[in-house]
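Quick note: residue numbers are just sequence positions, from 1. Note: hydrogens, waters and symmetry copies are ignored here, and every other heavy atom, side chains too, is used. Keep in mind it's a predicted model, so treat the numbers as computed, not measured.
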Amino acid sequence: MERIRQELTGHRLPAYVEEILTRNYCPGFMRMSMIREQECYKFSYKPGAYKRLDYREMSLYEKLILIRSLITLSERNKEHLIRPETYLIEPELIYLKDNNVSDADVRLMYYPDIKMLSFRYKLVLFADRILNKRIAEEKEAADRFRQASENGDINRMKLALDKQIMRLENRMAEGRILS
């Protein structure tokens with residue numbers, strides 16, 4: 001079985017976070033083990049059936065569902081005392097089972113965010129990174145999402161995403177009816 005390894009130096013995780021992650025209590029994160037030697041952590045992840053996200057092959061609909069799934073995962077992670085400000089949200093750290101973007105099939109590789117950026121800001125950066133600005137519809141989606149972030153809280157962002165997802169689902173349904 002393939003393992004993914006990463007190291008972190010100069011940062012200390014709370015003991016409860018180490019335990020939650022290494023005992024796999026929090027299902028939003030990929031199974032991992034952790035070795036701490038003084039100020040150095042060695043993380044080892046077991047992806048199993050999960051494959052790294054390749055957003056370049058995804059439709060706008062899938063990208064929006066993925067962003068919505070990340071919000072749902074962050075809410076679940078908070079229930080396990082791991083706040084979204086404490087870990088990175090990057091495409092390279094996201095893994096999918098069978099290329100499915102629903103929250104049940106998305107796993108994050110836990111890697112601490114030393115800067116502790118706000119979750120809203122991380123989501124906007126993530127959306128900007130995966131949405132292709134050269135495609136008008138994706139650029140518009142990124143702009144709407146950024147605007148929702150600036151005008152409100154995470155609930156407003158969820159609402160904006162849900163509206164965009166519903167519009168796309170309605171268009172897809174109409175396309176099926178007309179063909």
- side-chain contact (heavy atoms from CB on, under 4.5 Å) filter on D54, not counting sequence neighbours, yields R56, E57

- Note on the structure: Taken in chain and number order and not counting sequence neighbours, the residues that satisfy side-chain contact (heavy atoms from CB on, under 4.5 Å) with L117 are D113, K115, Y121, K122

- Decide, yes or no, whether a salt bridge links E140 with R144 under the criterion of side-chain N to carboxylate O below 4.0 Å. yes

- Message: Using a 3.5 Å distance criterion without hydrogens, assess whether the side chain of N151 forms a donor-acceptor pair with backbone atoms of Q147.
- Response: yes

- Query: With no hydrogens and no angle check, is any side-chain donor or acceptor of K133 less than 3.5 Å from a backbone partner on D128?
  - Reply: yes

- Start with the C-alpha distance between D98 and Y50, add both sets of side-chain angles, then the distance that settles side-chain contact (heavy atoms from CB on, under 4.5 Å), and finish with yes or no. CA-CA 7 Å; D98 299 324; Y50 291 85; over 6 Å; no

- Query: Considering residues at least two apart in sequence or located in another chain, which fulfil the ring pair (Phe, Tyr, Trp, His ring centres under 6.0 Å) criterion with F43?
  - Reply: Y41, Y111

How long is the gap from [atom1] on [X] to [atom2] on [Y], to the nearest 0.5 Å?
X: L70; Y: D103; atom1: CG; atom2: CG; result: 9.5 Å
X: I94; Y: L96; atom1: CD1; atom2: CG; result: 7.5 Å
X: L123; Y: M157; atom1: CG; atom2: CE; result: 4.5 Å
X: L168; Y: S59; atom1: CG; atom2: OG; result: 8.0 Å
X: I130; Y: L125; atom1: CD1; atom2: CG; result: 12.0 Å
X: Y55; Y: E92; atom1: OH; atom2: CD; result: 7.0 Å

Atom pairs and distances, side-chain donor-acceptor, residues 81-90, under 3.5 Å, sequence neighbours left out:
{"from": "T86", "atom 1": "OG1", "to": "R83", "atom 2": "O", "distance (Å)": "2.6"}
{"from": "Y87", "atom 1": "OH", "to": "N77", "atom 2": "ND2", "distance (Å)": "3.0"}
{"from": "E90", "atom 1": "OE1", "to": "R129", "atom 2": "NH1", "distance (Å)": "2.6"}

Contact check, side chains of [X] and [Y], non-hydrogen atoms, under 4.5 Å:
X: I154; Y: R120; result: yes
X: K42; Y: Q6; result: no
X: V101; Y: L64; result: no
X: L53; Y: L66; result: yes
X: P47; Y: I4; result: yes
X: R3; Y: R5; result: yes

Would you give me the side-chain donor-acceptor pairs under 3.5 Å for residues 19-38, sequence neighbours excluded?
{"from": "T22", "atom 1": "OG1", "to": "E18", "atom 2": "O", "distance (Å)": "2.7"}
{"from": "N24", "atom 1": "OD1", "to": "M32", "atom 2": "N", "distance (Å)": "3.4"}
{"from": "R36", "atom 1": "NE", "to": "E18", "atom 2": "OE2", "distance (Å)": "3.1"}

- Query: Given the rule in the salt bridge (charged side-chain N to carboxylate O under 4.0 Å, His left out) test, do D153 and R156 qualify, once you have shown the distances and angles that lead to the verdict?
  - Reply: CA-CA 5 Å; D153 60 6; R156 190 172 299 246; 5.2 Å; no

- Item | Among R167, E169, R171, side-chain hydrogen bond (donor to acceptor under 3.5 Å, both in side chains) partner for Y61 | E169

- Can you tell me if CG on N99 sees more than 12 non-hydrogen neighbours from other groups inside 6.0 Å? no

Would you give me the side-chain donor-acceptor pairs under 3.5 Å for residues 158-166, sequence neighbours excluded?
{"from": "K158", "atom 1": "NZ", "to": "E75", "atom 2": "OE2", "distance (Å)": "2.7"}
{"from": "K158", "atom 1": "NZ", "to": "N155", "atom 2": "OD1", "distance (Å)": "3.4"}
{"from": "D162", "atom 1": "OD1", "to": "R68", "atom 2": "NE", "distance (Å)": "2.8"}

